[in-house]
Amino acid sequence: MTAKAQFGGGGSSIVGRISGTIVDSISKKPMDYASVGLYRSGGKSPITGVITDEKGNFKLDNIHPGRYKLVITFIGYPNKTIDPVITTDSKPDNNLGGIVVSPSSRVLKEVAVTGQTALIENRIDKIVYNAEKDITAAGGTATDLLQKVPLVTVDINGNVSIRGDQNIRVLINGKPSGATSASLSDVLKSIPADQIKSIEVITSPSAKYDAEGSAGILNIITKQKNVSGFSGSVSGGVGTRQNNGNTNLNYNKNRFNISANIGGNASWPQTSLTDFQQQINVDTVHTSTETKGTSRLTRHALVGSLTAGYEFNSFNSITSTFRFNQIEFNTNSNSSTFSSTPYTSNGLNHNLIDGFDWSLDYTHKFKKEGHELDFSTQWSHNDGTTDFTNYYSGVFNNLQDNIVGVNNEYTVQVDYTLPINKVFKLEAGGKSIFRRISSTSDYFLYDNNNMAFVLDPNNSNVYDYNQNVFAGYSVFTITLPKSYTILAGIRDENTDINGNSINQSQALPPVDQNYNTLVPSLTLQKQLTATQTIKLAYSKRITRPSLQYLNPFVNSSNIQAQSVGNPNLSPEVSQTIEFDYNSFIGTSILNLSAYYKHTAGLIEGIAEPISVTVNGIAQGGTLTTYQNIGNNNSIGGSFFGTINPFKWLTILGNINAYTYKPDPAGIFNLAKSQNGTYIQYGGFLRASLTLPANLVAESFAFGSAARHTIQGTTPSFSIFGFGVKKQFMQKKMAIGLNAIDPFSKYKSFDSHLTSPGFNQSSSFQLPFRSFGVTFSYSFGKLNFSSQQQQKGVNNDDLKQGDQGVGGGAPAGGTTGGGGGGSNVH
């Protein structure tokens, strides 16, 4: 918080700032809502005062040079006095850094326990998973962490969902990354867990947020310590499945701060086992095939960022961040297909994604507390390359496909906040997003006469896609008597899409869409007691189809598993009503939630059997088209809580369950093979032990049920792990051991797809068992300084599975024994 009137004495016209961060001596966590009073040195009457924000920061602005006294007060803590605090004409700013406050003996025991149970925080508008407290995550990736976050599930392909819905928005430090548009699952696998500070889950965003993402928002906060002076940390891990490393460097001096981060990971070669079965009955074609094979994957990634900020004075500041990424993985697969015409195949697949995000944010604060204007811009650039070559012993021609995609995204955003009085606060703003995406797919067939691959223009494709989004919003926060709070807002978004797909043999219509979406939001909260809160929220969200979902080109690179986009596809529109109850009982936390969600225009890939002829031989296959199949009404509930039965033991649990009962319209009702109402669920359980001699041990287990579509099911998922960590040098250094699924080398993932005319089933066995050693070391002066809350661009509206840079076929289609470049990784 900040106090801004001019205070102090003397004839000098120079004014400065006194700032700092209040930190609890036991938990080492910042203390919000602590009171900071400013007095003249030795005086008894306060000149001014301020309350610390949620990060424990305080700022006293417009202070004339002089000698002062600070008095810090907080319930359950004795007052702490700092006298003198001196500012001068030559040095008008005095950053006191971290100010450590110790609790009284009466509450010392409870505070000590509280400091150990901060893995999950339940705030008014979000759930926060503090990854720094999870010792079993060391040596893993962002994907490993997300599997433990309340309400979040991750499937075997790395697709992330909130309450079972994959239509989410993922932000990194409150901003989108162009790389997530290209391949979200690969980006999450590339970020070392040691680089992540916390993960925020927002299930009912207000109108201030983009309307995209029907399930909500995930915000991944990376480690960027704001410290006085120079500091840093080094961490990493070596394991039987993957290895990673991460380095943070931070420098903060007066009004200038800069931080740098670089990290990466590399996996050992992993061999997966596959078994695919398919029966086709269409026209005169009646085929049955089975394909068995292996797939060997290698992967490495490098990610980094550089952030610099400067506060010109008490009212104006600027921040710029440059973030880069590079992800590369290669797959070598071999398979044997058993049918009326058996054959073998070998596939070589190379994928490379690299790009950057560059943002610039300017903040102007007015004299009134909380009154400010923010201007943000961002340029995201991403290149994606997918090259695959398939060799066959018979039936099919050898083929090759080289896919190159380029994605540029430009964003301009303005946000304005005005506290009108103690009751009303207004937030308003506008935003424009301009996306320019191009994709070129060069398809080659093997010429046996010339012993070389020759371009096949009939199966090649060039696709140019432009999307413009214009939005404006207004949100009112109303604080009422009797501990009631209302958050009401409305957002208007206009979307304009133009796409052109070019192919020599197909007459492809252009994609031309323009639609307007009005997005209201309403939250009513009541503080029952000091430890109990209830909340009722309504939100409306959309999921825009993009790129390959709209591309009318028939992708027949795998002739037995073809796919095509739908230029007439409309966005999904979901409306959610949610009721929450939160309670803090001592050191225990309880959260109960119930919700109803209606989704109109539900988008699913619909597969239908087709008859294809290969080298004069009739074969069966499938064609997958993305469609608005109808509506879905879902009722769900979630629970999570923590308990400390003993001082040295913390137990945390989370479970979420919801119904899936789609109502397909028209012809899509004929494709439906799943009838009735299905209950889908996921859960997580964790236990943490604090042992003598700075030893910490943890174990965890989580799982999720199979997910249903109108034609079948996707795999269920479960995992178990444990770890132990030893801390040295006043906890600045740590060495740990961890194990994941130690009792089985492989995990099986089974999926099924059934509709009139065909039946498919597949089983993937992936190596999951791993053992690892982790380490971390922190250095430098760890005195936290006051930090301005960063604001900036928040947008990401590509539906998961859609390759935003134009590479590859649409995700979610079926895979057959006939070829194509799709691989599980």
Short side-chain donor-acceptor distance under 3.5 Å, [Y] and [X]:
X: Ser441; Y: Asp401; answer: yes
X: Asp464; Y: Ser438; answer: no
X: Thr344; Y: Asn346; answer: no
X: Asn349; Y: Asn351; answer: yes
X: Asn555; Y: Tyr443; answer: no
X: Ser762; Y: Ser751; answer: yes
X: Thr599; Y: Glu572; answer: no
X: Thr659; Y: Thr677; answer: no
X: Ser335; Y: Ser345; answer: yes

Under 3.5 Å, side chain of [X] to main-chain N/O of [Y], donor-acceptor pair present?
X: Gln680; Y: Tyr660; result: no
X: Gln627; Y: Ile606; result: no
X: Glu604; Y: Ile629; result: no

Any side-chain heavy-atom pair from [X] and [Y] closer than 4.5 angstrom?
X: Lys540; Y: Val573; result: yes
X: Val469; Y: Gln467; result: yes
X: Val282; Y: Ile610; result: no
X: Asn628; Y: Leu569; result: yes
X: Ser501; Y: Asn461; result: yes
X: Leu399; Y: Phe388; result: yes
X: Lys661; Y: Asn633; result: no
X: Val511; Y: Pro552; result: yes

Check: Counting only heavy atoms not in Leu518, do more than 12 sit closer than 6.0 Å to its CG atom?
Finding: yes
Next item on the list: Tell me, please, which residues at least two apart from Glu608 pass salt bridge (Lys or Arg N to Asp or Glu O under 4.0 Å).
Entry: none
Checklist line | Any residue meeting salt bridge (Lys or Arg N to Asp or Glu O under 4.0 Å) with Asp442, in chain and number order, not counting sequence neighbours | finding: none
Check: Can Thr495 and Gln513 be said to form a side chain to side chain contact (heavy atoms under 4.5 Å, CB included), step by step?
Finding: CA-CA 8 Å; Thr495 305; Gln513 294 188 0; over 6 Å; no
Note to self: Checking Thr274 against Thr291 for the side chain to side chain contact (heavy atoms under 4.5 Å, CB included) test, could you report, in this order, the C-alpha distance in whole Å, the side-chain angles of both residues, the deciding distance, and whether it holds?
What the structure shows: CA-CA 8 Å; Thr274 61; Thr291 301; 5.8 Å; no
Item checked: Verdict with reasoning, Asp741 to Arg769, per salt bridge (charged side-chain N to carboxylate O under 4.0 Å, His left out) -> CA-CA 5 Å; Asp741 265 359; Arg769 181 169 63 192; over 6 Å; no
Next item on the list: Could you check Thr287, Asn759, Thr289 and say which one makes a side-chain hydrogen bond (donor to acceptor under 3.5 Å, both in side chains) with Gln279?
Entry: Asn759
Margin query: Would you say the rings of Tyr446 and Tyr392 are close, in the sense that their centroids are separated by under 6.0 Å?
Written below: no
Checklist line | Between Tyr463 and Phe553, ring centroids under 6.0 Å | finding: no
Item checked: Test log, rule side chain to side chain contact (heavy atoms under 4.5 Å, CB included), inputs Lys747 and Leu766 -> CA-CA 5 Å; Lys747 294 193 73 66; Leu766 304 183; 5.7 Å; no
Check: Can you tell me how far CG of Leu297 sits from OG1 of Thr331, rounded to the nearest 0.5 angstrom?
Finding: 4.5 Å
Checklist line | Asn498 vs Asn500, side-chain hydrogen bond (donor to acceptor under 3.5 Å, both in side chains): CA-CA, chis, key distance, verdict | finding: CA-CA 7 Å; Asn498 179 265; Asn500 290 291; 3.3 Å; yes
Check: What is the ring orientation for Phe749 with Phe768, classed by angle as parallel under 30°, tilted 30 to 60°, or perpendicular over 60°?
Finding: tilted
Next item on the list: Would you sort out whether Ser505 and Asn503 count as a side-chain hydrogen bond (donor to acceptor under 3.5 Å, both in side chains), showing the intermediate values?
Entry: CA-CA 6 Å; Ser505 62; Asn503 175 263; 3.0 Å; yes
